[in-house]
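Notes follow the structure.
All chains are named by letter (A, B, ...) in the order of the sequence lines, taking the proteins before the strands, and each is independently numbered beginning at 1.
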Number of protein chains: 2
Amino acid sequence: MEKIQHRNLYREVADRVRELIEQGVLAPGERISEKKLCEQFGVSRTPLREALKVMASEGLVEILPNRGARVTRLTVKKVRNTYDVMAALEGLSGELACQNITDEEIAAIQRLHDTMLEHYRQRELQPYFRVNQQIHERIIAAADNDVLEEMYNNLSQRVKRVRYSKKMTDDFWKRAVEDHEAMIEALQKRDGLMLGRILREHLCNKLEVASLDGMIEEEGDDELPSRAASS
Amino acid sequence: MEKIQHRNLYREVADRVRELIEQGVLAPGERISEKKLCEQFGVSRTPLREALKVMASEGLVEILPNRGARVTRLTVKKVRNTYDVMAALEGLSGELACQNITDEEIAAIQRLHDTMLEHYRQRELQPYFRVNQQIHERIIAAADNDVLEEMYNNLSQRVKRVRYSKKMTDDFWKRAVEDHEAMIEALQKRDGLMLGRILREHLCNKLEVASLDGMIEEEGDDELPSRAASS
DNA sequence: GAACGGTATTATGAATTCAAAATCAAGACA
DNA sequence: TGTCTTGATTTTGAATTCATAATACCGTTC
């Protein structure tokens, strides 16, 4: 059955702006022109402004009084803080998942795991990441905690812009896969504490791989320090 | 120095609506009349509607397409889920705080602790809760993680409406104070794992004292199932 | 008396309008 | 040449307006 959901316009607009930010069309620190986006989306300023305010509460944009909205600039510290919290949430999801998960759900995750292993063997980075992400989402879903899921999705959205560097060496990759093997094992044993611990440390690994090199170290209140490469 | 901050109107409005919800002036499940609130605040519908949309993303209200906003109704499950996540966040704050906290900050918390003990001895419930809350806030602040603090504040706001039952017996209270004694000890030893564990379980106790009895068990999509006791 | 239908009223969603602040662009001046 | 005014233009913030969906009211029918 199709979900004929009359979502409010501001939600649609917010989704599209999120996409633009995620794809880097709207660069970090860039001032968001309401006029331009309205024309692009074919809507008036009202729903766009509502969307921007919601996104400000989500941490994706910042609103400067009388000076409009700009895309939040990621800093090393912000990303680190976000990953720390995400790790704690993933840890909780592991504990809860082991309490609630069904055999069928474990089997489904097992299948995803096998698919992921295949991508690993073929060294297909993008498909690997995609399936990897799905596994984590399944575990979060199995935790059966809406609030947890909501918080995790929010944080996940914020750091989606972080691109992973070429430092994804065989060594890191191998270790990540080993973590996943251990996760499956903990899941099958329904060992919540174990799964929690693995998930916490697993995500920490991801941070090490993230390319924070190019990212600015600390907050800058100034205008447009780096005009970035736009060609 | 006074912070002469020209905050946007929608933020002011949101704060005031949050107060109304927290104080129960706007009851759970109650439909929010834009007109009435606008007149009350002396603003147009634009900033109010922006505020409501932000609050929807904060989980305080729900927006039904073409049917306006209503105050989110707390359910037993929602509260439990929220507490679980808060516990995880508090646990993380304990670990991080032990890494970062200074002797001065510990001393300040120690002083708050002593004040709290005095309120405990005098059986002054409200002052006790207030200082108690301050201690937790100090630990969160000491963790030096903006994202953590933001998430925690958000969740905290959602369950502020939960009232504590008369089950706050001497026994529970004594146990809570003992937890706090242990916290101080862990802080001084800078034993992050220990402090984390205490904080997690501490919150579980709080959940037991929460008066969830009167609260509806599951979500109801209908109009106004329980008109609640208003006399 | 209860259920159904149709109209009037009200409330919401989104576009438009208007006032005020910020930005931009010249031109004056050191 | 570079900095500071001053006025024009643009952009933002918030009120207002307009179209549409939901609700309330009321008469009809069974």
With sequence neighbours excluded, residues passing ring pair (Phe, Tyr, Trp, His ring centres under 6.0 Å) with [X]:
X: B:F41; result: none
X: B:Y152; result: none
X: A:H119; result: none

In whole Å, what is the span from the CZ atom of B:R70 to the P atom of C:dT12?
11 Å
Can you name the side chain to side chain donor-acceptor pair (under 3.5 Å) partners of B:Q133, sequence neighbours left out?
B:E137
B:E149 meets the side chain to side chain donor-acceptor pair (under 3.5 Å) criterion, sequence neighbours left out, with none
I need a per-nucleotide contact map over nucleotides 8-17 of chain D, read 5' to 3'. Cutoff is protein heavy atoms under 4.0 Å; write B for the base, S for backbone only, - otherwise.
---SBBSBBB
